[in-house]
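Data first, discussion second: the structure below is written as structure tokens.
Side-chain atoms are counted along with the backbone in the values below, which use heavy atoms only and exclude waters and symmetry mates. Residue numbers start from 1 in every chain, and the chains themselves are labelled A, B, ... in the order their sequence lines are given, proteins ahead of strands.
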Number of protein chains: 2
Amino acid sequence: MNEIEVKRRATVHDVARAAGVSLATVDRVLNGRAGVRAATAEKVAAAIAAIGFQRDLSASLLARGRDLRLTFIIPDGSNEFMASLADAVSARADQALAERMHIQTRRVRALDGAALAASLDALNPHDCDCAIIVASQEPAVVAAVDAASRRGVAVMTLVSDLPGTQRRLFIGIDNVAAGRTAASLMGRFLPHGGTVAVIAGSLHLADHIDRLAGFRAALEAEFAGITLLGPIEGHDERSETEAIVGDLLKRHPDLGGIYNLGAGNAGLVAALEASGRGGAIRVIAHELTEPTRRGLKSGAIDVVLDQNPDGEIRAALAAARTLALGDNRIVVADPIEIGIFLRDNLR
Amino acid sequence: MNEIEVKRRATVHDVARAAGVSLATVDRVLNGRAGVRAATAEKVAAAIAAIGFQRDLSASLLARGRDLRLTFIIPDGSNEFMASLADAVSARADQALAERMHIQTRRVRALDGAALAASLDALNPHDCDCAIIVASQEPAVVAAVDAASRRGVAVMTLVSDLPGTQRRLFIGIDNVAAGRTAASLMGRFLPHGGTVAVIAGSLHLADHIDRLAGFRAALEAEFAGITLLGPIEGHDERSETEAIVGDLLKRHPDLGGIYNLGAGNAGLVAALEASGRGGAIRVIAHELTEPTRRGLKSGAIDVVLDQNPDGEIRAALAAARTLALGDNRIVVADPIEIGIFLRDNLR
DNA sequence: TAGGTCATGAGGCACGTACCTCATGAGCAG
DNA sequence: CTGCTCATGAGGTACGTGCCTCATGACCTA
């Protein structure tokens, strides 16, 4: 008598009863099978809405009797961030398997649209339900994404989006906001103004363009005392970036700060440490990787903005799981937050 | 013939076969039921390890035929952060329900150990599998946590830990690191040194003590030019904090910064804005709530350190789900990161 | 030896959904 | 009317695990 009364969750049986149709018909509607008149389908839909039916994900996956098959396609090469993204995928693989998600990872040459497109073209719905890709903005990739969607392979974009395609979801940070944040910190670090150099990877990369735009806009709006130098392109390369920074330090003895919005941070740290001026110059970089960690610890880098690869992978997996439920539902993901790291809150 | 070969996931049947025992025995071992000799249990454990069996969470919850029952106990009162924590719980309720987790939230008077203990005592394993509490460090609470654990109600602590008890997991940030981070930012904001006032809620709260310790240590180690004023206790109250800040501003025309490591931020912002010196003083506060958001936007606050209530709730739910599997497994959660927010990366 | 306890096995039903086959009846064209 | 298509219903099995009952045989104790 002390029982707590619990509302039983609605099941497909309840839907059938409420709609006045059979279980088989409800099943046909729920799983998009043919052979149901529009009028009947609507009755079912109305019943679902009326009683608030939610399909039981666990039971659904169990009954399907097969794991969800996901393929991550991640750029290869020297880019440490992409490596950490791949690591984050591996780290989640076991947990994902326990939730019936079978993960496969492929690395393709960075900035090689043809390779990415070929990799996408090789996927068929028989062995891949969903592809998660780091997209580069090239026509071949756009075509491959749409083709995969038509074949029945859902596509989600990670880190770098591909708007205007059939991709179901984008998972990544707001890079304009990241640039603004960098400016806001740099401005406060230099209360008496000064010169700040900006280094980018490439001005053909959407995320780098966004960061630069945000950085510039926020500096102009709030910190008139700061003069911007650059941007200089380092092509995300260690040695090239090292040369650029070394040159900057030599030519600008009064340099107040450096914002590296691309990769190549190993070179940045090396040049700073070699100059003996590490610590006297405020430095902001992107992505928490081995070189930036080292830089934070040594004091060469003050702040690292990070897009939390682990969180992105978690969000991607959660979204993929939802995707498995229905074909026509809108999938949303928790927004990815920009991580801000100093030496003192290194995880 | 084009089939991709998939390793079938191991099931309890496979474990039984590998161990040379019956399904019933495997079940007894897995679910901690009595009536199995130690030697037999070990054979089963060995088989599980050997074939890498992982219990299917979905099927397990389905077979249990009942939802996981979770009770959040969250302090009530004027504390905006606790309100946002409760909001985060509500926001996840639907999603949780779809994963067979039934959430109940209770609010108890803040800093009232007896009330929290009573609330815990009222829980019995029949209608609550797991309690998630914001613990305060009082003997009555400690006793209640251990009693609940003995009764079969698992307890997890949120935001504020209760070490030395039977609590299964703590979910929250590293408050010493948070204090260090605040110091590290403040030090860089004031490159020529200055005076920084510290306001705490209460020096009897573990998290406040930790933040203060971290702040102090990092200032002393790295920023000798900064003089610390306080800490002054504002008891997390709006009006008291407002009075304190107003007084500080009046008496210290040269004040360089304020670090409020407790709540009462509405008062902080009001006093700063009333003084007309907002923007000239570097201000760091905790928790992204309505008043701190306002402060960031108006420029009264420079940086807010946040412990990401939504992420904490997500982690708690994930951990609870794992907890449902076995009684004697070690549950781990993803670490909660300290969020750092400026006006420019407000979410 | 009789009676008891205890470890283990065998088997079945249940959870909610997916997916299959087969039957039935309505509607329609010729 | 005959023969066809098509919407729908009825009912089954399966997924992997939890939980229940009952049977069996080993071992101990009086």
| message | Filter on salt bridge (charged side-chain N to carboxylate O under 4.0 Å, His left out), then keep only pairs touching residues 36-49 of chain A, sequence neighbours left out; what's left? | response |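 Sorted pair list comes back empty.
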| note | Readout for nucleotides 19-24 of chain D: B = base within 4.0 Å of protein heavy atom, S = sugar-phosphate only, - = neither; 5' to 3' it is B-----
| query | If you look at every heavy atom in A:L158 and A:F170, which pair is closest and at what distance? | reply |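 Answer, listing the atom of A:L158 first, then A:F170: C-CE1, 4.2 Å.
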The criterion is side chain to side chain donor-acceptor pair (under 3.5 Å); which residues satisfy it with [X], sequence neighbours excluded?
X: B:D129; result: B:R66
X: B:R28; result: none
X: A:R107; result: none
X: B:R100; result: A:D56

| request: Report yes or no: does A:D27 contribute a side-chain atom to a donor-acceptor pair with the main-chain N or O of A:L23 at less than 3.5 Å? | output: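 No, the answer is negative, given that no donor and acceptor are paired below the 3.5 Å cut-off.
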Roughly how many Å is it from [atom1] in [X] to [atom2] in [N], rounded to a whole number?
X: B:R17; N: C:dA10; atom1: CZ; atom2: P; answer: 13 Å
X: A:Q54; N: C:dT17; atom1: CD; atom2: P; answer: 11 Å
X: B:L61; N: D:dT17; atom1: CG; atom2: P; answer: 12 Å
X: B:R100; N: D:dG18; atom1: CZ; atom2: P; answer: 13 Å
X: A:D56; N: D:dT17; atom1: CG; atom2: P; answer: 16 Å
X: B:L68; N: D:dT17; atom1: CG; atom2: P; answer: 18 Å
X: A:L62; N: C:dT17; atom1: CG; atom2: P; answer: 11 Å
X: B:L23; N: C:dC13; atom1: CG; atom2: C1'; answer: 14 Å

| D:dT8 phosphate, OP1 or OP2, under 4.0 Å from A:S22 side-chain N/O |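 No, no such contact exists.
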| said: Looking at C:dT8, I'd like to know if its phosphate oxygens (OP1 or OP2) sit under 4.0 Å from a side-chain N or O belonging to B:T25. | reply: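 For C:dT8, neither OP1 nor OP2 has a side-chain N or O of B:T25 closer than 4.0 Å.
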| query | Where along residues 34-44 of chain A does a heavy atom fall under 4.0 Å from DNA chain C? | reply |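 Output list: empty, so none.
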| field | Closest listed nucleotide, where the reference is the side chain of B:L30 and the choices are D:dG16, C:dA18, D:dG18 | value |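 For the B:L30 side chain, the nearest candidate turns out to be D:dG18.
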Qualifying residues under side-chain contact (heavy atoms from CB on, under 4.5 Å), relative to [X], sequence neighbours excluded:
X: B:D310; result: B:A88, B:R92, B:N308
X: A:S22; result: A:A24, A:T25
X: B:A19; result: B:V21, B:V44, B:A47

| message | At 10 degrees resolution, what angle do the end axes of the helix from C:dT1-D:dA30 to C:dG30-D:dC1 form when each is taken over five base pairs? | response |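 That helix gives 40° between its end axes.
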| side-chain hydrogen bond (donor to acceptor under 3.5 Å, both in side chains): pairs with one or both residues in residues 149-158 of chain A, sequence neighbours excluded |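 Qualifying pairs, neighbours excluded: A:T157-A:D161.
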